[in-house]
Amino acid sequence: MPVTLSMTTRAPITPLSPAQHRVAQMLVEGLSPQEIATRNALAIETIRQYVRDIRRCLHLPPRCKPHVLVHFVLAAEQVTPPALEQSAPVLTEKQGLLLRAVAEHSAPRDVALAAKIAPADLRTALYELLDTTGAETVTQLVVLAHAWGLLGANSAGTVESGAAR
């Protein structure tokens, strides 16, 4: 059964090709497009095209942030999150809301709105969330959250997206 991604309409995602899957896996591992290109002896433009194709397969906007792309790749179960030995930290309700907001939105204003916090407080709240989880970057935060089962597809088998905003 295909996983669907809901933005304005529900459309079935296109499964990733083997090459797209490899690139998506490396993005989940925290590599930049330049690092992926170097590791695979490919042109950076080739990797950028794969990233554009992955966004198109998941029906994401062309300019969504890398952590949003990683979230939807993992939520659509196109790539498996890493296995972790460490257990999930206990998050407050506000931190859980911020976690979901940052995973689903690219624009800081939209993250703050979805997390129900003042835009001026977003940076501080995000740093506190990174500190609580031990993540160094927002992309790593999203990957860890998926590995801990804190983010993912909802029970209806769809992934709800605010990435278009």
Side-chain angles (χ1 to χ4, degrees), residues 1-33 35-37 39-40 42 46-91 93 95-107 110-111 114-115 126 129-130 132-165:
M1 176 166 85
V3 175
T4 58
L5 182 72
S6 174
M7 288 170 64
T8 54
T9 62
R10 293 180 188 258
I13 66 163
T14 304
L16 301 181
S17 71
Q20 292 166 346
H21 182 269
R22 283 190 300 276
V23 169
Q25 183 66 53
M26 287 183 258
L27 290 170
V28 167
E29 292 169 8
L31 297 177
S32 70
E35 291 167 325
I36 295 169
R39 181 180 281 188
N40 292 282
L42 294 171
T46 301
I47 301 305
R48 288 182 182 140
Q49 184 60 52
Y50 282 132
V51 172
R52 284 190 293 270
D53 293 343
I54 293 166
R55 284 186 176 112
R56 191 174 54 251
C57 287
L58 296 174
H59 307 289
L60 295 173
R63 300 251 182 224
C64 74
K65 300 275 179 140
H67 61 270
V68 173
L69 173 66
V70 165
H71 167 61
F72 285 104
V73 163
L74 289 166
E77 299 177 342
Q78 294 294 300
V79 174
T80 305
L84 300 177
E85 292 181 17
Q86 66 199 65
S87 58
V90 176
L91 301 180
E93 187 175 334
Q95 287 175 320
L97 199 55
L98 176 57
L99 174 60
R100 177 142 316 265
V102 79
E104 294 179 351
H105 299 278
S106 290
D110 294 335
V111 172
L126 188 53
L129 181 57
L130 289 169
T132 298
T133 60
E136 294 180 19
T137 65
V138 175
T139 299
Q140 185 184 33
L141 170 67
V142 169
V143 172
L144 289 171
H146 275 277
W148 289 322
L150 301 176
L151 292 172
N154 64 25
S155 59
T158 61
V159 179
E160 299 298 327
S161 171
R165 291 190 282 274

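Please read all numbers here as calculations on a predicted model, not as lab measurements.
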Side chain [X], main chain [Y], donor-acceptor under 3.5 Å:
X    : Y    : answer
H71  : V142 : no
R55  : C64  : yes
S106 : K65  : yes

Starting at [atom1] of [X], measure out to [atom2] of [Y] and round the result to the nearest 0.5 Å.
X    : Y    : atom1 : atom2 : result
L98  : R100 : CG    : CZ    : 12.0 Å
L69  : R63  : CG    : CZ    : 14.0 Å
T14  : I54  : OG1   : CD1   : 12.5 Å
I13  : E77  : CD1   : CD    : 9.0 Å
I47  : L31  : CD1   : CG    : 10.5 Å
L141 : L151 : CG    : CG    : 8.0 Å

Requested in this report: Answer whether the closest heavy-atom distance between the side chains of V102 and H67 falls below 4.5 Å.
Outcome: yes
Query raised in the report: Is any side-chain heavy atom of I36 closer than 4.5 Å to a side-chain heavy atom of Y50?
Result: no
Requested in this report: Determine, stepwise, if the pair L129 / L91 fulfils side-chain contact (heavy atoms from CB on, under 4.5 Å).
Outcome: CA-CA 8 Å; L129 181 57; L91 301 180; 3.9 Å; yes
**Report entry** Heavy-atom closest contact (E136 atom, Q140 atom, distance)
**Finding:** N-OE1, 2.6 Å
Report task. Taking all non-hydrogen atoms of both residues into account, name the closest pair between L130 and T137 and its distance. Result ->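 Closest approach of L130 to T137: CD2-O, 3.5 Å.
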Only pairs under 3.5 Å count here: list side-chain donor-acceptor contacts from residues 78-89, not counting sequence neighbours, and write none if there are none.
residue : atom : partner : partner atom : Å
Q78     : OE1  : L16     : N            : 3.0

Query raised in the report: Take atom CZ in R39; do more than 12 heavy atoms of anything else shown fall under 6.0 Å from it?
Result: no
Report task. Output, in order, the C-alpha distance, side-chain angles, deciding distance and verdict of side-chain contact (heavy atoms from CB on, under 4.5 Å) for D53 and R56. Result -> CA-CA 5 Å; D53 293 343; R56 191 174 54 251; 2.8 Å; yes
Query - Polar side chain donor-acceptor pair, Q25 to R22, under 3.5 angstrom - result: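 R22 and Q25 do not have a side-chain donor-acceptor pair below 3.5 Å.
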Report task. Evaluate the criterion side-chain contact (heavy atoms from CB on, under 4.5 Å) for residue pair M26 and N40; output intermediate values, then yes/no. Result -> CA-CA 11 Å; M26 287 183 258; N40 292 282; 3.2 Å; yes
